Amino acid sequence: MTQPPNLATQAYLAIEERIVTLQLEPGSIISERKLIEVTKMSRTPLREAMQRLSWEGLIEVRPRSGIKIADIRAEDCSKVIELRKVLEPRLARAAARFATPRQLEDVRISKEMMRDSLPDLNAELYLKADKAFDQAMTSACENQYLNNILGPLQTHARRFWYRYFSRDSMKRLGEGHIAVMDAVLAREDVRAFQAMETMMGVMAIQAQALKD
């Protein structure tokens, strides 16, 4: 397993999860003090986390008035998936080629989490598995530029899914994730590329339906 994240990353992950699962409501205003209570972090790591969240478009820091949680609009989902369709298959191919044994173990763990989430359609566990998988893949691909672009897109996509998609879509998408994971674990880069391309196609159809 990878090393535990530093305090700023822990604060970021705690807030990100609450934004994705709409515990922090889109468009709402929250104070820094409240975020300190929520994350149980001190002001310094929290502010580092807020800088990252702001850069990723998840919050807007408003001096003297608080922190606004980003609005969420159905029509933006297809814009996010349009970019992921191009980039994610390349990420999967690179991860299959370059993953270390430790990174492959992270993929295996995320696969078990994903599989466990499907029988009862456990959305929270599904999102944790998806997040863990994304982190393992971006860690393995050996391309920081790709990581910097995809990280925010993946987070926004999870938020869209939680807000707009029925839990019935979990099974198909979960199986799509597992197909990619199996290819990465087998170090079959072409199969990983194709499996991710297929899954992104499914997500694109779902995103387009929000606009129709």
Side-chain angles (χ1 to χ4, degrees), residues 2 5 9-24 26 49 51-59 69-70 72-74 76-96 98-99 103 106-107 109-111 113-114 117 123-165 169-170 172-181 183-184 192-193 195-208 210:
T2 55
T9 301
Q10 289 179 44
Y12 166 84
L13 292 173
I15 300 170
E16 183 212 46
E17 181 179 5
R18 287 167 173 80
I19 293 174
V20 166
T21 58
L22 311 183
Q23 296 174 58
L24 295 175
Q51 288 179 346
R52 180 175 171 186
L53 291 160
S54 178
W55 179 80
E56 292 182 351
L58 293 168
I59 66 171
I69 307 303
I72 184 168
R73 303 185 305 169
D76 289 339
C77 184
S78 60
K79 298 174 185 177
V80 169
I81 301 304
E82 181 181 4
L83 295 174
R84 291 188 69 195
K85 278 179 64 179
V86 175
L87 298 173
E88 292 274 2
R90 289 159 175 78
L91 173 70
R93 180 175 60 196
F98 302 123
Q103 290 160 345
D106 290 340
V107 172
I109 291 170
S110 65
K111 175 185 170 181
M113 290 172 59
M114 181 67 69
S117 76
E124 285 70 28
L125 183 58
Y126 172 87
L127 288 175
K128 288 181 184 297
D130 184 48
K131 176 70 174 179
F133 178 52
D134 287 342
Q135 290 176 316
M137 294 281 278
T138 54
S139 175
C141 79
E142 294 197 343
N143 187 332
Q144 189 60 46
Y145 299 102
L146 185 58
N147 296 354
N148 292 343
I149 295 169
L150 269 175
L153 295 175
Q154 291 164 340
T155 297
H156 283 285
R158 278 188 286 274
R159 193 175 185 228
F160 286 125
W161 178 84
Y162 196 89
R163 170 63 179 85
Y164 294 112
F165 298 134
S169 69
M170 274 184 61
R172 186 174 184 186
L173 289 176
E175 289 172 349
H177 278 87
I178 290 170
V180 178
M181 294 169 182
V184 171
F193 183 99
M196 184 66 85
E197 198 170 45
T198 297
M199 187 176 71
M200 286 296 117
V202 172
M203 294 179 70
I205 292 170
Q206 293 179 342
Q208 182 61 39
L210 295 178

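Because the structure is a prediction, the values reported are computed rather than measured. Along the sequence shown, the residues carry numbers beginning at 1.
For the pair Asp134/Arg158, a side-chain contact is recorded, criterion being any heavy-atom separation below 4.5 Å from C-beta on. Between Gln135 and Asp106, the closest side-chain pair of non-hydrogen atoms is not below 4.5 Å. Counting only heavy atoms from C-beta outward, the side chains of Glu56 and Ile19 never approach each other to under 4.5 Å. Contact annotation: the side chain of Met200 never approaches that of Glu197 to less than 4.5 Å [non-hydrogen atoms, C-beta and beyond]. Side-chain contact check for Phe133 versus His177: some heavy-atom pair is nearer than 4.5 Å.
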Before you tell me yes or no, could you show the steps for Glu17 and Lys128 under side chain to side chain contact (heavy atoms under 4.5 Å, CB included), namely the whole-Å CA-CA distance, both residues' side-chain angles and the distance that decides it to 0.1 Å?
CA-CA 9 Å; Glu17 181 179 5; Lys128 288 181 184 297; 3.0 Å; yes
Going through the distances and angles, do Trp161 and Asp130 end up as a side chain to side chain contact (heavy atoms under 4.5 Å, CB included)?
CA-CA 11 Å; Trp161 178 84; Asp130 184 48; over 6 Å; no
Apply side chain to side chain contact (heavy atoms under 4.5 Å, CB included) to the pair Lys79 and Arg73, showing each step before the final yes or no.
CA-CA 11 Å; Lys79 298 174 185 177; Arg73 303 185 305 169; 4.3 Å; yes
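Under the 3.5 Å distance criterion, the side-chain polar atoms of Glu88 are left unmatched by any main-chain donor or acceptor of Met196.
Ala74 and Leu210 make their closest contact through O-CD1, 4.0 Å (heavy atoms, listed as atom of the first residue, atom of the second, distance). Closest non-hydrogen pair, Met199 versus Gly176, comes out as SD-C, 3.5 Å. For the residue pair Ala14 and Arg18, the shortest heavy atom distance occurs at O-NH1, 2.9 Å. Heavy-atom minimum distance, Leu153 versus Val80: O-CG1, 3.4 Å. Considering every non-hydrogen atom in both Ala92 and Val184, the closest pair reads O-CG2, 4.1 Å. Ser169 and Gln206 make their closest contact through CB-NE2, 3.4 Å (heavy atoms, listed as atom of the first residue, atom of the second, distance).
Looking at residues two or more places apart in sequence or on another chain, you find a side chain to side chain contact (heavy atoms under 4.5 Å, CB included) between Ala70 and Arg159. Residues passing the side chain to side chain donor-acceptor pair (under 3.5 Å) test with Tyr126, sequence neighbours excluded: none. In this structure, the side chain to side chain donor-acceptor pair (under 3.5 Å) partners of Gln23, at least two apart in sequence or on a different chain, are Thr21. Under the side chain to side chain donor-acceptor pair (under 3.5 Å) criterion, Glu82 pairs with no residue at all, not counting sequence neighbours. For the side chain to side chain contact (heavy atoms under 4.5 Å, CB included) test, residues two or more places apart in sequence or in another chain that qualify with Asn147 are Thr138, Cys141, Gln144.
Looking at Glu16 and Lys131, a side-chain N of the basic residue comes within less than 4.0 Å of a carboxylate O on the acidic one, giving a salt bridge.
The salt bridge (Lys or Arg N to Asp or Glu O under 4.0 Å) analysis of residues 137-148, with sequence neighbours excluded, yields no pairs.
Aromatic ring pairs are classed by plane angle as parallel below 30°, tilted from 30° to 60° and perpendicular above 60°; the pair Phe160 and Tyr164 is parallel.
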